[in-house]
Protein chains: 2
Amino acid sequence: MYPNIPPAAPSAGEPIRDRLARAAFELFTVQGYESTTIDDITTAAGVARRTFFRHFRSKEDVIFPDHDSVLDRVRWYLGASANTEPVFAVAEATRLIFESFMATPEQTLARYRLTREVAALRDREVASVARYERVLSDYLRSRLPNTSEAALAAHVAAASFVAAHNQVLREWLRSGGTQSPRPALEAALTTVADLTAPLIAQSRRQSSQNAV
Amino acid sequence: MYPNIPPAAPSAGEPIRDRLARAAFELFTVQGYESTTIDDITTAAGVARRTFFRHFRSKEDVIFPDHDSVLDRVRWYLGASANTEPVFAVAEATRLIFESFMATPEQTLARYRLTREVAALRDREVASVARYERVLSDYLRSRLPNTSEAALAAHVAAASFVAAHNQVLREWLRSGGTQSPRPALEAALTTVADLTAPLIAQSRRQSSQNAV
DNA sequence: TTGAGATCTGTCACTGAGTGCCATTAGGGT
DNA sequence: ACCCTAATGGCACTCAGTGACAGATCTCAA
């Protein structure tokens with residue numbers, strides 16, 4: 001005799017974490033994010049309510065799976081790029097981020113549809129992006145002299161790369177993920193690299209301290 | 001006979017909304033954000049719990065007062081700038097945003113101290129900033145041809161101005177608000193304007209459609 | 001002064017997210 | 001069979017946020 005009747009949904013040897021994520025996505029898209037409770041999700045996945053919070057920190061977390069691991073990979077790459085041209089390294093880091101979204105296109109698309117409608121999820125997405133921007137600007141600052149001009153250049157360059165990334169990703173998402181976005185990404189990265197390279201180079205040269 | 005005994009704290013004719021905000025700031029800084037409940041705030045302000053949510057949408061909202069009205073002012077200004085040079089208008093809009101923070105310096109400083117320590121508040125701050133960036137890029141897009149190069153230029157320029165704004169504000173906050181940040185802001189705006197003006201100008205010229 | 005209408009507040013009950021604690025179960029190795 | 005560990009179920013609890021209703025306050029008009 002089993003303590004729980006297994007759920008009707010197909011869920012053979014699928015890990016509980018995946019079952020929860022799949023159930024959550026389905027319910028969110030069908031009946032909306034706010035009107036889906038954790039109880040709905042866990043019931044659909046055939047597990048106890050408490051188990052949900054052992055796999056995801058919050059209800060929002062089930063939508064944003066592995067930003068942390070991507071962040072770690074980006075940090076690791078930049079940590080190993082101490083002798084690379086800074087702007088080149090940041091461009092490559094941006095590619096890493098972009099490819100992490102393209103690794104699971106259908107999930108990225110589903111998340112995009114949700115974030116367009118739910119303000120809380122949009123804000124969460126924005127917060128994740130800000131973390132990437134932070135990693136990029138921290139790296140650039142580490143490669144530049146400790147002046148406020150250099151700090152400004154680092155932040156502007158990081159923000160520009162992230163903006164380019166987002167713009168290409170958004171356009172791909174809006175198109176429904178039809179064509180490959182990589183050529184557009186390369187074009188955007190080239191534009192931003194050409195734009196920011198002089199700014200970074202200039203702030204590297206001057207050891208003359210700060211401003212105003 | 002009064003239905004409630006007035007609280008010990010001085011709170012004569014002060015509007016309830018201000019009483020709540022003041023009590024919240026004090027409690028947050030003394031005993032931390034998470035360990036302060038709405039009950040703590042309303043008890044300190046001498047009002048009912050329900051009243052808090054009539055003045056603020058959420059617990060976080062009490063920290064971020066009037067972003068909406070600032071957004072409206074920025075939108076209004078940009079709406080009236082249909083004949084201004086786009087980059088100049090965005091620079092002026094950035095000044096508007098910056099001055100809205102400088103209008104209440106001590107509150108801006110207190111909020112900064114809180115956002116440094118509480119992740120939820122930091123994310124909220126980031127979301128607010130993203131809304132400003134959105135307004136700027138929407139304006140730029142409205143002033144540019146409908147090509148993907150122009151969209152990219154608009155987003156990169158908007159992100160650059162916002163990054164410059166944030167960098168100057170952060171440096172002023174870190175310094176404890178000692179000197180006037182306006183010269184640094186002007187220098188940063190000049191840098192970013194010089195950087196993005198060619199990008200915007202180029203995307204205005206070409207009516208040749210899109211890329212890739 | 002009085003009364004009608006609108007606005008604000010107090011009170012209560014409720015939903016739902018998230019946490020702490022403990023018992024139970026499953027699996028793995030000895 | 002026996003431990004040991006990790007994962008799950010179940011329960012109780014705190015707290016944010018909302019809905020509904022009653023009471024209080026204010027304004028304006030007659």
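Just so you know, these numbers use all the heavy atoms, side chains as well, and skip hydrogens, waters and symmetry mates.
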Is the closest basic N to carboxylate O distance between [X] and [Y] below 4.0 Å?
| X | Y | result |
| --- | --- | --- |
| Glu92(A) | Arg95(A) | yes |
| Arg22(A) | Glu26(A) | yes |
| Arg131(B) | Asp123(A) | yes |

Q. Just how far is it from atom OG1 of Thr191(B) to atom CG of Leu199(A), taken to the nearest 0.5 Å?
A.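 Thr191(B) OG1 to Leu199(A) CG: 7.0 Å, rounded to 0.5 Å.
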
To the nearest Å, how far apart are [X] [atom1] and [N] [atom2]?
| X | N | atom1 | atom2 | result |
| --- | --- | --- | --- | --- |
| Arg19(B) | dT9(C) | CZ | C1' | 12 Å |
| Ile16(B) | dA24(D) | CD1 | C1' | 12 Å |
| Phe56(B) | dA16(D) | CZ | P | 15 Å |
| Arg57(B) | dT18(D) | CZ | P | 10 Å |
| Arg54(A) | dG9(D) | CZ | P | 8 Å |

Q. Testing Thr94(A), Val129(A), Ile97(A) for side-chain contact (heavy atoms from CB on, under 4.5 Å) with Val162(A), which one passes?
A.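 Exactly one option meets the side-chain contact (heavy atoms from CB on, under 4.5 Å) with Val162(A), and it is Val129(A).
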
Q: Heavy atoms under 4.0 Å is the rule here; annotate nucleotides 12-17 of chain C 5' to 3' with B where the base is hit, S where only the sugar-phosphate is, and - elsewhere.
A: ----SB

Q: Examine Tyr132(B) together with His165(B) and report whether their ring centres are nearer than 6.0 Å.
A: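 Not close enough - the centres of the two rings lie 6.0 Å or further apart.
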
Q: May I ask you to evaluate whether Thr51(B) reaches the phosphate of dG10(C), defined as a side-chain N or O under 4.0 Å from OP1 or OP2?
A: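 It does, given that an N or O in the side chain of Thr51(B) lies less than 4.0 Å from OP1 or OP2 of dG10(C).
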
Q: Ignoring backbone atoms, test whether His55(A) places a side-chain nitrogen or oxygen under 4.0 Å from the OP1 or OP2 oxygen of dT8(D).
A: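 Indeed, a polar side-chain atom of His55(A) lies that close.
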
